[in-house]
Amino acid sequence: MTNPAQSAVLSLEFPDGSVRDFEAGTSGLQIAEGISKSLAKKSVAYALNGDLKDLAEPVEHSGKIEIVTRADERALELIRHDCAHVLAEAVQELWPKTKVSIGPVIENGFYYDFDRDEPFTPEDLEVIEKKMRQIIARNDSFTKEVWSRDDAKAYFEKTGETYKVELVDAIDADQNLNIYKQGEWLDLCLGPHGPSTANVGNAFKLMNVAGAYWRGDSDNQMLSRIYGTAWADEKQLKNYLFMLEEAQKRDHRKLGREMDLFHFQEEGPGVVFWHAKGWRVFQNLVNYMRRRIEEHGYDEVNAPQILDKALWQTSGHWDWYRENMFTTVTEDDRQFAIKPMNCPGHVQIFKNGLRSYRELPVKMAEFGNVHRYEPSGALHGLMRVRGFTMDDAHVFCTPEQLEDECLRINDLILTTYADFGFDNIVVKLSTRPEKRVGSDEVWDRAEAIMQKVLDEIEADSEGRIKTEPNPGEGAFYGPKFEYVLRDAIGRDWQCGTTQIDFALPERFGAFYIDQNSEKQEPVMVHRAICGSMERFIGILIEHYAGHFPLWMAPVQAVVATITSEADGYGEKVAEALRDAGLHVETDFRNEKINYKVREHSLAKVPAIIAIGAREADQGTVSIRRLGSKNQTSMTLEEAVSSLSDEAVAPDIRRKKQARADRN
RNA sequence: GCUGUUGUAGCUCAGGGGUAGAGCACUUCAUUGGUAAUGAAGAGGUCGGUGGUUCAAUUCCACUCAACAGCACCA
């Protein structure tokens with residue numbers, strides 16, 4: 001699609017700032033060749049004003065041009081996309097009756113959805129991969145053709161590609177379609193693609209097979225999806241596979257069992273049996289959060305677990321959320337629901353009695369135990385459960401206080417994450433969805449305030465916190481911030497959230513009395529930091545790979561004796577540590593020290609304190625820290641003081657430090 | 001919820017129409033040892049549940065529950 005008004009000369013600016021003129025119609029490849037043969041060989045595409053284009057495509061207009069080589073991050077997208085096409089060709093070459101549908105690039109790889117009578121097996125994947133390597137070795141060029149809609153439709157109808165016909169139908173009537181060919185095989189595709197199938201290289205792997213709905217709609221037919229990963233070189237592929245392996249090793253379900261933290265069983269799908277050690281971790285986290293919210297001026301409350309249906313009708317949950325609620329009918333035929341959220345309860349507490357503007361902001365927190373009937377397929381260890389505890393809070397304030405409150409919440413959230421070693425945070429601003437309550441005017445005002453807060457968050461963080469818009473993803477009752485943290489192996493988790501609510505105070509008729517003795521509706525802010533405590537602990541287990549910092553660890557030290565003669569002294573050591581507030585276990589079993597060290601290391605106990613005759617004589621201890629192969633000898637007093645110092649929670653340490661700095 | 005896979009001892013797993021096996025863990029005994037598995041013996045199972053086929057089912061079939069992977073969902 002050339003612009004006839006365009007001049008016959010293109011003026012292109014290169015990344016080094018130089019500007020050169022080219023004849024109209026010059027292709028990206030010709031430009032690369034003009035620079036150097038070796039560049040042309042390495043290049044896979046070009047970017048015009050940042051948009052990726054096929055190398056063979058003529059440059060359409062003047063602008064900034066970059067030749068994209070394989071080493072460029074953007075080349076990955078092409079490699080993956082090319083790989084998806086190669087996958088589809090391989091599958092159709094092996095099983096010609098298979099229909100193709102779509103094959104997009106995703107994070108770390110790509111997939112392609114097929115319609116085939118039988119599902120693919122893991123053995124099939126090996127066969128397909130072999131065929132793919134053959135296709136890559138053939139080195140067929142990717143060539144683009146522009147077809148008319150009618151031609152494309154006729155072709156796909158003839159070949160029985162019903163899904164492609166549907167895709168063609170979905171494209172605007174006046175628009176032509178791109179067809180990408182590789183050898184004999186072709187696909188409807190937006191592009192761009194690399195120069196040839198060889199561009200895919202060898203650093204790819206088919207990962208797994210799964211069902212997926214046609215066009216992502218659960219009313220549609222289920223297709224067979226093959227997932228693959230593809231990278232620019234073997235090293236990147238290896239790193240990725242290593243990360244997956246590492247994730248598997250850290251799986252909180254596995255570590256939870258090995259560390260004796262919790263379990264699940266058939267009778268309670270999606271609800272956690274917390275064991276003593278897991279519950280201690282849980283309480284460590286709750287206690288930490290309790291101190292933090294107190295520091296930030298919240299009052300902790302506790303609202304009922306079960307409330308009459310009428311209340312949920314008023315809150316709107318009965319209409320919006322009913323299929324996700326656990327309900328119960330009592331002997332007298334009264335219907336109740338187990339709370340899926342804490343907000344209606346908190347509004348009742350706010351409403352009890354008359355509120356003055358002088359009280360605002362009212363900051364009400366609860367470690368609220370909620371139950372939600374999640375779809376069975378969504379359950380996943382601690383990460384997605386049907387019964388969980390939220391570190392929930394609601395701030396009732398005036399519109400004028402909103403900005404300040406959002407910033408304070410932001411401060412609380414970010415410092416909390418930092419205390420657990422999460423320093424790579426993205427804050428997203430989710431704005432009005434299509435289906436919503438409240439006037440546009442109200443949304444305008446709220447979004448403007450939140451955008452301002454977002455800008456301040458980014459500015460204050462000095463580049464550490466990234467922010468992103470998330471248009472259309474807000475809740476129906478108001479815009480929200482979503483806090484996404486990145487764990488130690490690079491995975492992202494959305495945990496915290498700050499949500500403005502226009503609906504609930506009005507629904508319940510909550511108000512305060514302002515300076516002029518008039519009723520005013522408060523603004524309500526919902527906020528959570530960990531989100532679900534259960535899930536947050538799951539994330540922490542995987543983030544730390546089970547190696548909790550001392551202040552979080554359920555068992556902080558084990559005193560293990562080498563000979564039974566040291567048991568008496570061992571008991572004394574354990575007592576001294578317990579007196580200092582540490583959780584200590586003793587292991588006086590008739591076993592060798594090797595055996596004990598192995599066992600407690602596998603149980604991820606942070607400190608193993610070995611006691612033999614020597615230590616008993618000298619009043620010392622020998623400490624072996626988790627992850628280390630060495631041990632350190634010190635006096636009992638030194639051990640007590642260094643371990644108890646290390647076990648101080650980060651927030652308490654911060655306060656101590658601040659106090660010391662003041663003096 | 002949908003598709004696919006799986007369900008045998010506390011854990012990891014083998015087996016297979018004639019009512020079950022290994023390693024680790026557990027218990028007992030011996031061993032008192034110096035930083036990731038001391039040795040021996042013993043105990044441990046309605047083979048996820050219900051129904052069907054069969055002389056006989058843990059094994060085959062149907063249904064069901066749960067888990068796993070992905071999709072959909074997460075207001």
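In the text below, chain A, chain B and the rest are named by the order of the sequence lines, each starting its count at 1. Computed over heavy atoms, backbone and side chain alike; hydrogens, waters and symmetry mates excluded.
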Centroid-centroid distance, Y321(A) to W312(A), less than 6.0 Å: no
Atom-to-atom span, NE2 of H526(A) to P of C74(B) - whole angstrom: 17 Å
Parallel, tilted or perpendicular: ring planes of H394(A) versus F396(A), cut at 30 and 60 degrees: tilted
Give me the distances for all protein-to-nucleotides 63-70 of chain B N/O pairs that come in under 3.5 Å?
residue: C68(B); atom: OP1; partner: R253(A); partner atom: NH1; Å: 3.0
residue: A69(B); atom: OP1; partner: R253(A); partner atom: NH2; Å: 3.0
residue: A69(B); atom: OP2; partner: R253(A); partner atom: NH1; Å: 3.4
residue: A69(B); atom: OP2; partner: H380(A); partner atom: ND1; Å: 3.3
residue: A69(B); atom: O2'; partner: N208(A); partner atom: ND2; Å: 3.2
residue: G70(B); atom: O3'; partner: Y227(A); partner atom: OH; Å: 2.9
residue: G70(B); atom: O2'; partner: Y227(A); partner atom: OH; Å: 3.4

Touch class at under 4.0 angstrom, heavy-atom based, for L602(A) against every strand present: base
Rounded distance in Å - CH2 (W214(A)) to P (A72(B)): 14 Å
Length of the CZ-P vector between F388(A) and C74(B), whole Å: 14 Å
Distance-only donor-acceptor test (3.5 Å): side chain R624(A), base A36(B): yes
Residue R257(A), side-chain atoms from C-beta onward, closest of A37(B), C26(B), C11(B): C11(B)
Pair of N/O donor and acceptor under 3.5 Å linking U3(B) base with S224(A) side chain: no
Separation between the P atoms of U38(B) and G34(B), rounded to whole Å: 11 Å
Between G17(B) and C61(B) - P atom distance, rounded Å: 12 Å
Closest non-hydrogen atom pair between V584(A) and V559(A), with its separation: CG1-CG2, 3.8 Å
Beyond-backbone contact of H600(A) with E585(A), side-chain heavy atoms, under 4.5 angstrom: no
Whole-angstrom distance between G49(B) and A67(B), as gauged at atom C1': 15 Å
Sugar-phosphate, base or nothing in reach of E591(A), heavy atoms under 4.0 Å: base
Between T162(A) and K99(A), a side-chain donor and acceptor under 3.5 Å: yes
Parallel, tilted or perpendicular: rings of F502(A) and W443(A) (30°, 60°): perpendicular
E482(A) CD to A75(B) P, straight-line distance once rounded to whole Å: 8 Å
Sugar-phosphate, base or nothing in reach of E615(A), heavy atoms under 4.0 Å: base
Closest heavy-atom pair and its distance - V385(A), E374(A): O-CG, 3.5 Å
Touch class at under 4.0 angstrom, heavy-atom based, for A613(A) against every strand present: base
Minimal non-hydrogen separation, L223(A) against D113(A), with atom names: CD1-CB, 3.9 Å
Between C73(B) and C60(B) - P atom distance, rounded Å: 37 Å
5'-to-3' dot-bracket of RNA chain B (Watson-Crick, G-U; under 3.5 angstrom; crossing pairs as [ ]; | other strand): (((((((..((((....[..)))).(((((.......))))).....(((((..]....))))))))))))....
pi-stack flag for W320(A) and A75(B), centroid dist under 5.5 Å, interplanar under 30°: no
Whole angstrom value for the distance that separates P of A25(B) from NE2 of H600(A): 13 Å
Closest to the P375(A) side chain, choosing from A72(B), A36(B), U12(B): A72(B)
Minimal non-hydrogen separation, A566(A) against A613(A), with atom names: CB-N, 4.5 Å
Candidate nucleotides U32(B), A37(B), U35(B), ranked by approach to the side chain of V597(A) - the nearest: U35(B)
Geometric class of the F476(A)/W320(A) ring pair [parallel <30°, tilted 30-60°, perpendicular >60°]: parallel
C1' atoms of G4(B) and U8(B), separation to the nearest Å: 22 Å
C47(B) versus C24(B) - spacing of their P atoms, nearest Å: 25 Å
Earlier contact from the 5' end, RNA chain B, for F476(A) and Q631(A): Q631(A)
U59(B) to U19(B) separation - C1' atoms, rounded to the nearest Å: 11 Å
Whether Y240(A) and W231(A) hold their rings parallel, tilted or perpendicular, with breakpoints at 30° and 60°: tilted
R384(A) (side chain) and C73(B) (base): donor-acceptor pair under 3.5 Å: yes
